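When reading the values below, keep in mind they use all heavy atoms of this one structure, side chains included, and skip hydrogens, waters and symmetry mates. The structure presented is a predicted model; accordingly, all values stated were derived computationally and were not measured. Naming: A, B, ... by sequence-line order, numbering from 1 per chain.
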4 protein chains.
Amino acid sequence: MAADTQATRWRRRKDARTPEIIEAALECFGERGFAACRLDDIARRAGVTKGTIYLYFPNKEELFKAVISRSLVPRIVAGEQVVAASDLPAPVQLERLLLTLAEIIPSSTVGAIPKLIIAEAGNFPEIARFYFDEVISRGRRLITGILRRGIARGEFREIDVDATFFSVVAPLIVALLWKRLFEVHDDAALDTAALCRSHLQLLMHGMAP
Amino acid sequence: MAADTQATRWRRRKDARTPEIIEAALECFGERGFAACRLDDIARRAGVTKGTIYLYFPNKEELFKAVISRSLVPRIVAGEQVVAASDLPAPVQLERLLLTLAEIIPSSTVGAIPKLIIAEAGNFPEIARFYFDEVISRGRRLITGILRRGIARGEFREIDVDATFFSVVAPLIVALLWKRLFEVHDDAALDTAALCRSHLQLLMHGMAP
Amino acid sequence: MAADTQATRWRRRKDARTPEIIEAALECFGERGFAACRLDDIARRAGVTKGTIYLYFPNKEELFKAVISRSLVPRIVAGEQVVAASDLPAPVQLERLLLTLAEIIPSSTVGAIPKLIIAEAGNFPEIARFYFDEVISRGRRLITGILRRGIARGEFREIDVDATFFSVVAPLIVALLWKRLFEVHDDAALDTAALCRSHLQLLMHGMAP
Amino acid sequence: MAADTQATRWRRRKDARTPEIIEAALECFGERGFAACRLDDIARRAGVTKGTIYLYFPNKEELFKAVISRSLVPRIVAGEQVVAASDLPAPVQLERLLLTLAEIIPSSTVGAIPKLIIAEAGNFPEIARFYFDEVISRGRRLITGILRRGIARGEFREIDVDATFFSVVAPLIVALLWKRLFEVHDDAALDTAALCRSHLQLLMHGMAP
DNA sequence: AATGAATGAGGGTTCATTCAT
DNA sequence: TATGAATGAACCCTCATTCAT
């Protein structure tokens with residue numbers, strides 16, 4: 001029985017290692033960037049030693065790729081479901097989607113990814129491509145889809161949906177970066193809720209027929 | 001001809017070297033990031049050897065700081081002048097400012113800085129602070145100033161200027177990053193002009209009284 | 001056989017490395033001086049690679065300090081015991097102490113330290129201070145103590161003990177340096193034993209009441 | 001006339017360069033040792049630039065040799081004259097010689113050489129050999145000569161002159177080093193005069209028939 | 001599966017030396 | 001003769017990666 005408990009504990013431990021290391025790596029990469037982040041740091045945070053990381057990932061670069069790819073899919077899926085599951089008016093859908101998106105902003109883990117992508121896309125074209133295909137393109141399809149439906153239904157005026165995509169999501173992305181990079185230097189904290197409200201209002205007024 | 005090249009090479013005096021090295025460093029940092037960019041690369045681009053860099057900058061970090069600080073002031077000043085020099089209606093001022101800002105987007109040199117800042121602000125708080133004070137804060141003051149004047153003059157409806165600041169500038173910043181990071185993966189090139197037009201229209205409609 | 005070598009190599013654990021590296025460093029520093037001695041040389045002598053040294057010492061300077069400090073204490077203690085353990089006449093004690101001291105002269109390891117100290121004391125005041133406090137001062141206390149006792153007991157005439165300290169020990173120190181620096185250029189090898197005998201005789205005659 | 005003055009001034013300047021640089025180099029080498037002393041430092045002290053040094057010396061090593069060799073001959077000659085010029089009793093000659101020697105101790109320039117030799121003899125065998133031949137051997141010849149004459153004349157007892165040579169000069173050499181390396185760490189300054197007096201007394205008593 | 005001692009290639013930095021002016 | 005900008009080899013140090021245990 002004791003042996004059985006042991007075995008279970010060890011198995012769970014082993015299964016848990018991969019996400020634990022990814023989590024630790026995401027934190028560390030997010031704070032310092034890919035190059036400046038040492039595997040020793042990641043290992044310490046994950047509660048293992050450097051050598052152990054190599055049992056789960058062939059090298060630092062692959063670990064980085066895993067960090068990026070495995071941390072995002074759930075979020076995208078969530079977003080797609082918000083839209084697909086309903087047949088609400090486009091403005092309502094857009095609002096819900098942005099509010100869902102805005103929840104990521106303060107998330108200490110996933111929220112670090114955009115900064116990472118921006119910093120390292122040049123050095124890791126493979127990651128950039130993956131991120132573009134799996135996150136950005138899907139996100140853009142979601143949003144432009146809503147915009148198109150809104151136009152078709154007469155809920156939005158005739159707008160350039162590809163361009164407006166930027167107007168819609170950019171403020172949230174910039175807010176995400178701001179929180180991590182500049183809020184500490186500013187007099188007041190960034191009021192994410194107010195920003196969302198204000199931005200949504202601007203969008204609704206701005207796109208109204 | 002060889003003699004001529006030599007002469008030219010030697011004519012380049014101390015005062016020419018500094019901007020040459022900064023220029024080369026900006027390119028290199030912009031492409032690969034601070035840590036991944038080797039001094040050898042910078043030196044080669046600047047047409048000198050590694051040792052020469054140390055005649056002009058005490059170390060890599062100070063070179064980085066110089067790159068950031070010396071590349072920005074002129075742009076900010078330009079922006080401030082666009083506004084200060086006129087007493088036009090706020091919407092017109094806003095339009096002119098954004099169009100000026102948009103010109104930076106394709107600039108191969110200065111346009112690389114935002115990415116750099118985002119990537120390295122965490123590792124160089126001093127630089128983050130400098131950038132925040134000298135670029136972001138001044139830019140924000142410019143824009144919120146225009147917004148406030150517009151509200152006061154009845155040209156804009158009552159809006160949250162601090163939040164709207166994000167809605168106004170974020171699309172341009174994201175477009176800047178997009179150009180460098182994702183355009184290559186997208187089917188079509190990003191039409192900056194269309195984006196500006198569309199975004200301005202959205203803003204004008206969205207903030208109209 | 002290869003397996004055996006391997007095993008031996010791996011059996012050497014952390015605790016064995018430190019003295020091995022210190023020993024190698026002492027040899028190397030002793031031969032070439034601090035600045036001229038490359039870490040690669042030390043590593044090769046210690047049978048490790050450069051990187052390994054940094055697992056045991058934070059940098060070259062700290063390695064140097066360790067070399068000095070860890071190589072000396074045993075010798076001093078030995079000297080103090082020679083004196084403390086007995087209540088012999090002062091001349092006898094002095095003789096024993098000098099003979100003990102003279103044993104260091106040909107020692108290839110510890111014997112290199114005085115040269116090192118002389119060469120680097122200016123660059124490493126901390127080391128100079130340590131050496132002065134832990135070696136020189138203690139040695140001086142030992143010798144002046146014997147001299148004072150000898151005077152008090154009427155075994156020596158009234159002498160300036162602080163000045164005589166130099167007359168007592170200097171010849172041994174100079175002999176130590178001579179062995180390493182000039183013996184090779186001289187016609188005959190330095191006869192340390194004869195030097196000791198002659199010097200002790202001089203001292204005994206010279207300090208006799 | 002002005003031209004003439006100029007010419008004279010320039011010639012004098014040029015003739016003065018060599019000793020100026022040697023002087024500056026001796027100071028610098030004496031303070032930091034050969035390796036740790038940068039040519040930039042020497043140049044600055046000599047009031048010239050680095051390049052100028054290469055007009056007078058082919059490289060750093062030759063400059064070092066010049067420093068050693070040109071700084072010593074005068075002193076040796078002085079010592080030899082003190083002895084050769086007289087037919088005084090050996091004890092008196094010895095006393096005069098040691099007092100002459102002791103004058104070097106506080107000399108800030110020449111006094112730095114022994115430390116330099118000790119530090120670098122291993123790295124520059126050529127210099128060690130030169131110093132041994134031109135300084136040490138001649139000094140030893142002087143002193144052992146006096147000792148032999150003293151024995152022959154019945155002024156000294158039968159002693160081992162080669163060994164006693166160390167007993168005679170070592171205290172002065174150690175005092176020289178002490179002044180530069182450890183006096184700053186000691187409670188009291190080293191009283192060179194007292195040391196000479198005490199040492200001479202010891203010698204005279206110790207070698208008396 | 002996990003460790004952690006060891007490696008070694010690579011980068012930042014220094015500085016003796018060169019050379020056009 | 002003197003300068004000082006430029007060079008490049010050499011060295012310290014870091015850290016991703018390996019591997020015996």
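Atom CD1 of Ile21(A) is separated from atom CG of Leu55(A) by 8.0 Å, given to the nearest 0.5 angstrom. Remark: Lys115(A) NZ to Ile118(A) CD1 distance equals 10.0 Å, nearest 0.5 Å. Atoms NZ and CZ, from Lys65(D) and Phe130(D) in turn, are 11.0 Å apart once rounded to the nearest 0.5 Å. Note that the CG atom of Leu39(D) and the CG atom of Leu63(D) stand 7.0 Å from one another [nearest 0.5 Å].
Here Leu55(D) lies in heavy-atom contact (under 4.0 Å) with a base.
Toward the 5′ end of DNA chain E lies the nearest nucleotide of Gly51(A), the other residue of the pair Cys37(B) and Gly51(A) mapping further downstream. Along DNA chain F, the nucleotide nearest Pro58(C) and the nucleotide nearest Arg38(C) are compared for position; the residue whose nucleotide lies closer to the 5' end is Arg38(C).
Salt-bridge annotation for Glu126(B) and Arg129(B): absent, with no side-chain N of the basic residue lying under 4.0 Å from a carboxylate O of the acidic one. Using a 4.0 Å cut-off between charged side-chain N and carboxylate O, Arg45(D) and Glu31(D) make a salt bridge.
For the pair Glu62(C) CD and dC12(F) P, the computed distance is 15 Å after rounding to whole Å. Summarising the geometry, the separation between CD1 on Ile53(C) and C1' on dC12(F) is reported as 11 Å, rounded to the nearest angstrom. Going from atom OH of Tyr54(A) over to atom P of dA16(F) covers 7 Å, rounded to whole Å. Atom CG in Asp40(B) sits about 12 Å away from atom P in dT7(F), given to the nearest Å. dG4(E) atom P lies 12 Å from atom NZ of Lys50(A), rounded to whole Å. Across the protein-nucleic acid pair, Arg44(C) atom CZ and dG8(E) atom C1' stand 13 Å apart, rounded to whole Å. Rounded to whole Å, the distance from CD1 on Ile21(A) to P on dA16(F) is 15 Å. Rounded to an integer number of Å, the gap from Glu61(C) CD to dC11(F) P is 18 Å.
Ring centroids of Phe124(A) and Phe34(A) are separated by less than 6.0 Å, placing the two rings close together.
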Query raised in the report: How does DNA chain E look in dot-bracket notation if pairs are Watson-Crick or G-U with both distances under 3.5 Å, crossing ones as [ ], other-strand ones as |?
Result: .||||||||||||||||||||
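The base of dT13(E) does not come close enough to the side chain of Lys60(B) for any donor and acceptor atom to sit less than 3.5 Å apart.
In the set dT7(E), dG11(E), dC13(F), dC13(F) carries the atom at the smallest distance from any side-chain atom of Asn59(C).
Within the structure, a side-chain polar atom (N or O) of Tyr56(A) is placed less than 4.0 Å from OP1 or OP2 of dA2(E). For dT7(F), the OP1/OP2 oxygens have a side-chain nitrogen or oxygen of Thr52(B) closer than 4.0 Å.
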